[in-house]
Amino acid sequence: SSAPIIAVDGPAASGKGTVAKALARHFGLPHLDTGLLYRAVALNLLRWGGDPDSEFAAVRACDFSQIDFDDPELRSEMTGGVASRVSVYPAVREALVQRQRDFAGQPGGAVLDGRDIGTVIAPDADAKLFVTASPEIRAERRHAELTGLGLAAHYEDVLIDIRARDERDSGRAAAPLVQAEDADLLDTSEMTIDAAVRRAIALVEARL
Ligand code: C5P
């Protein structure tokens, strides 16, 4: 059979990024963190002083020429929060679709993680995981991650941000965060990273 496409979706700080990276390594596939695309749009807006409540400004910010994808600012809570605001606009999502579909269509297969990979970007993916965890546990993880990056963060603020982001991502009309019908659920709340990765590999292997 041909090289697989693996879709990994889930809410902020669920562990989907870690799981996606580990799957890519295990199966020898290239990996795209699609959240970085929305974060890049947000960072452009923040740098240009553009209004995140303007769809017109957000569409103009869909330009990656000035973005360094290793920039730690892409991973800040500020950028993530603005990303979840600009990602509600259908025109922004459309501007980013082709890049994601091209990545998914590589002859060697691919792993993509995001919110709408299994539902919109790659509905025919060979394996789909919906990775989740409780908001409190996700806030703990994101807080540790931000602190580790040297970014200032308070747990309570991170939890509030996570809940707001969940609401925006799940409540929007365009490509809301939702488990695809044919996706396997992986709740990582009570799991170590190693256990979550082992379980993810087993779930994907069963689908290939
Ligand atoms: O996953 P991450 O937290 O980096 O994503 C940032 C924001 O980008 C999310 O809150 C979500 O609103 C948006 N996003 C999206 N669709 C994707 C990936 C991310 O709407 N496939």
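For this chain, numbers begin at 1 and follow the sequence in order. Since this is a predicted model, take the numbers as computed values, not measurements. Every number for a ligand or one of its atoms is a count from 1 in the order of the listing.
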Problem set entry | Short N-O contact, Asp169 and Arg163, less than 4.0 angstrom | no
For this session: Below 4.0 angstrom from a heavy atom of Arg39, which ligand 1 atoms are there? Numbered from 1 as shown, please.
Result: 2 (P), 3 (O), 4 (O), 6 (C)
For this session: Using a strict cut-off of less than 4.0 Å between a Lys/Arg side-chain nitrogen and an Asp/Glu carboxylate oxygen, indicate whether Arg60 and Asp63 qualify as a salt bridge.
Result: no
Exercise. Is the closest heavy-atom distance from Arg168 to ligand 1 below 4.0 Å?
Worked result: no
Problem set entry | Nearest-neighbour protein heavy atom for atom 14 (N) of ligand 1, which is reported as residue plus atom name and distance | Tyr38 CD1, 3.6 Å
For this session: Give yes or no for whether the N/O distance cutoff of 3.5 Å, strictly under, is met between Arg115 and ligand 1.
Result: yes
For this session: May I ask you to check if ligand 1 and Gln100 share an N or O to N or O distance below 3.5 Å?
Result: no
Exercise. Which of the numbered atoms in ligand 1 are below 4.0 angstrom from a heavy atom of Lys16?
Worked result: 1 (O)
Exercise. Is the closest basic N to carboxylate O distance between Arg115 and Asp9 below 4.0 Å?
Worked result: no
Exercise. Between the side chains of Ser84 and Ser87, does any donor sit under 3.5 Å from an acceptor?
Worked result: no
For this session: Answer yes if the side chains of His26 and Glu205 hold a donor-acceptor pair under 3.5 Å, and no otherwise.
Result: yes
Exercise. Can you tell me the protein heavy atom closest to atom 20 (O) of ligand 1 and the distance?
Worked result: Arg93 NH1, 2.8 Å
Problem set entry | Sub-4.0 Å heavy-atom approach of Arg85 to ligand 1 | no
Exercise. Does any N or O atom in Thr34 lie less than 3.5 angstrom from one in ligand 1, N or O only?
Worked result: yes
Exercise. N/O of Asp113 under 3.5 Å from N/O of ligand 1, yes or no?
Worked result: no
Exercise. Do the charged groups of Glu73 and Arg39 touch, with an N to O distance under 4.0 Å?
Worked result: no
Exercise. Looking only at distance, does Arg172 have an N or O less than 3.5 Å from an N or O of ligand 1?
Worked result: yes
Exercise. Is Arg207 paired with Asp184 through a side-chain N to carboxylate O contact shorter than 4.0 Å?
Worked result: yes
Exercise. Does a side-chain N-to-carboxylate-O contact under 4.0 Å join Arg93 and Asp116?
Worked result: yes
Exercise. Is the closest basic N to carboxylate O distance between Asp182 and Lys128 below 4.0 Å?
Worked result: yes
Exercise. Which of the atoms in ligand 1, numbered in the order shown and given with their element, are less than 4.0 Å from a heavy-atom of Asp116?
Worked result: 16 (N), 17 (C), 21 (N)
Seminar exercise, completed: of all protein heavy atoms, closest to atom 12 (O) of ligand 1 is Asp169 OD1, 2.5 Å
Problem set entry | Heavy-atom proximity to atom 13 (C) of ligand 1, best of Gly35, Pro176, Ser87 | Ser87
Problem set entry | Whether Arg75 lies under 4.0 Å from ligand 1, heavy atom | no
For this session: Would you mind checking if Glu136 and Arg141 are paired as a salt bridge, meaning a charged N to carboxylate O distance below 4.0 Å?
Result: no
Seminar exercise, completed: the protein heavy atom lying closest to atom 7 (C) of ligand 1 turns out to be Ala83 CB, 3.8 Å
